[in-house]
Enquirer: 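Have a look at this one before I ask anything.
Residue numbers count from 1 along this sequence. Just so you know, these numbers come straight off a predicted model, no measurement behind them. One-based numbering, in listed order, for ligands and for the atoms of each.
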Amino acid sequence: MAARKIKENVYYVGAIDWHRRLFDSLIPLPDGTSYNSYLVKGSEKTALIDTVDETRQHELLANLEDAGVETIDYVISNHTEQDHSGLIPLILKKYPGARVVTNPKCKDLVKEHILLTDDQFIVKNDGETLSLGDKTLQFILAPWVHWPETMFTYLVEDKILFSCDFLGSHLAPAELFVEDISAFYDGAKRYYAEIMMPFATNVRKHLEKIRSMDVEIIGPSHGPIHVNPQPILDAYTDWSSDEVKNEVVIPFVSMHGSTEKMVEHLTDQLVRRGITAKPFDLVKTDTGVLAMALVDAATVVIGAPTVLVGAHPKAIYAAALANALRPKTRFIGVIGSFGWGSRMLDQLKGILCNLSAEMLTPVIVKGYPKADDLSALERLADEILEKHKEANIAV
Ligand code: FEO
């Protein structure tokens, strides 16, 4: 791809990674991703805002050439992670006068991660600015969306906010600029669920700050550029709010059909009660889709058979994922089966320790579920409906 103009003397010079299918050896990328890097040419100085993943070196260099870069004076580092900082050493080598501009915490982390020295940095604190001549960069600390050192860079004259990972999406966009939220909504929600959801309190705080600023364009570090910022800000406001939906997410795994039968029965009983049930077979489920479902659901019920007295490892993984992502789930249930004995309830409760959710009555049965067991699942559906009503989630 070529360098693309955003405004006069402001260019997109990032890399589109169409074919990447896994991030952090963890996060599925069904739609690829992009590593967004921005070039700002002032009348006196030129700044590069973040670099790209080191696997895309050729693309960054080609785009800088395409944008007619003669020199780079500053590399702004909004965030330490290597998908953005990975090529800082290359830029410093290619443009020997360049310095890395970042905040004190990011400097410490960048030094550790990509092995730079103190003299290669210029440090800026919250609200401080850097003049490029006729353009001014302002640095805004935005800790914990999603690392402690993350910051935004605001291009004052052009009213562009470079928001780092915040408000991004793992998409490989042919169309770099989006106005219509339907073009990026699912990608942005998946990204929010996987990366930003554990930090909902900070998300709300930083949203408020952005809304108080005069921002016309938001350029995140992944995915399309928001030339109409309102839809993505509204979507983040919705996802990070305390509001939950009348939904039950049921991540489950089954070995010989007992747990699957229980999940089917519970799903049917929830639907009969007007509750949206979303079962996810963990053998087949893209964890990003499961994470997206966790954003809104009032209740999560984990379904698992017992393996050597503990929960099936795939259910343990789902519980650990939910615990790490810290969704706003209000109620948690455990259903499942065992052959001769099970300690999976205590095990799963222990794993879910980060969630301040109320435990529902568990239904854990010996062997294949019988009439009494199915009745217990109907009582669980009643309990969920009652809890949702008490919390004004269901009518
Ligand atoms: Fe896109 Fe947190 O790195």
Enquirer: Step by step, would you call E264 with T267 a side-chain hydrogen bond (donor to acceptor under 3.5 Å, both in side chains)?
Expert: CA-CA 5 Å; E264 280 176 6; T267 300; over 6 Å; no
Enquirer: Using a cut-off of 2.8 Å, find all protein N, O or S atoms closer to atom 2 (Fe) of ligand 1 than that distance.
Expert: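 Sorted hits: H79 NE2, E81 OE1, H146 NE2, D165 OD2.
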Enquirer: For the residue pair F166 and Y236, does the interplanar ring angle fall in the parallel (under 30°), tilted (30 to 60°) or perpendicular (over 60°) class?
Expert: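 Ring orientation of F166 relative to Y236: perpendicular.
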Enquirer: With no hydrogens and no angle check, do the side chains of E378 and H265 hold a donor and an acceptor under 3.5 Å apart?
Expert: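 On atom types as modelled, these side chains qualify, holding a pair under 3.5 Å.
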Enquirer: Which pairs of donor and acceptor atoms, one on a side chain in residues 190-201, lie under 3.5 Å apart (sequence neighbours left out)?
Expert:
residue: R190; atom: NH1; partner: D286; partner atom: OD1; Å: 3.3
residue: R190; atom: NH1; partner: D286; partner atom: OD2; Å: 3.3
residue: R190; atom: NH2; partner: D286; partner atom: OD2; Å: 2.8
residue: Y191; atom: OH; partner: D165; partner atom: O; Å: 2.9
residue: Y191; atom: OH; partner: D165; partner atom: OD1; Å: 3.4

Enquirer: Indicate the atoms forming the closest heavy-atom contact of I181 with A235, along with that distance.
Expert: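 Closest approach of I181 to A235, heavy atoms only: CD1-CB, 4.2 Å.
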Enquirer: Aromatic contact between W147 and H84, with the criterion being ring centroids under 6.0 Å apart: yes or no?
Expert: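 Judged by ring-centre distance (under 6.0 Å), W147 and H84 do not meet the cut-off.
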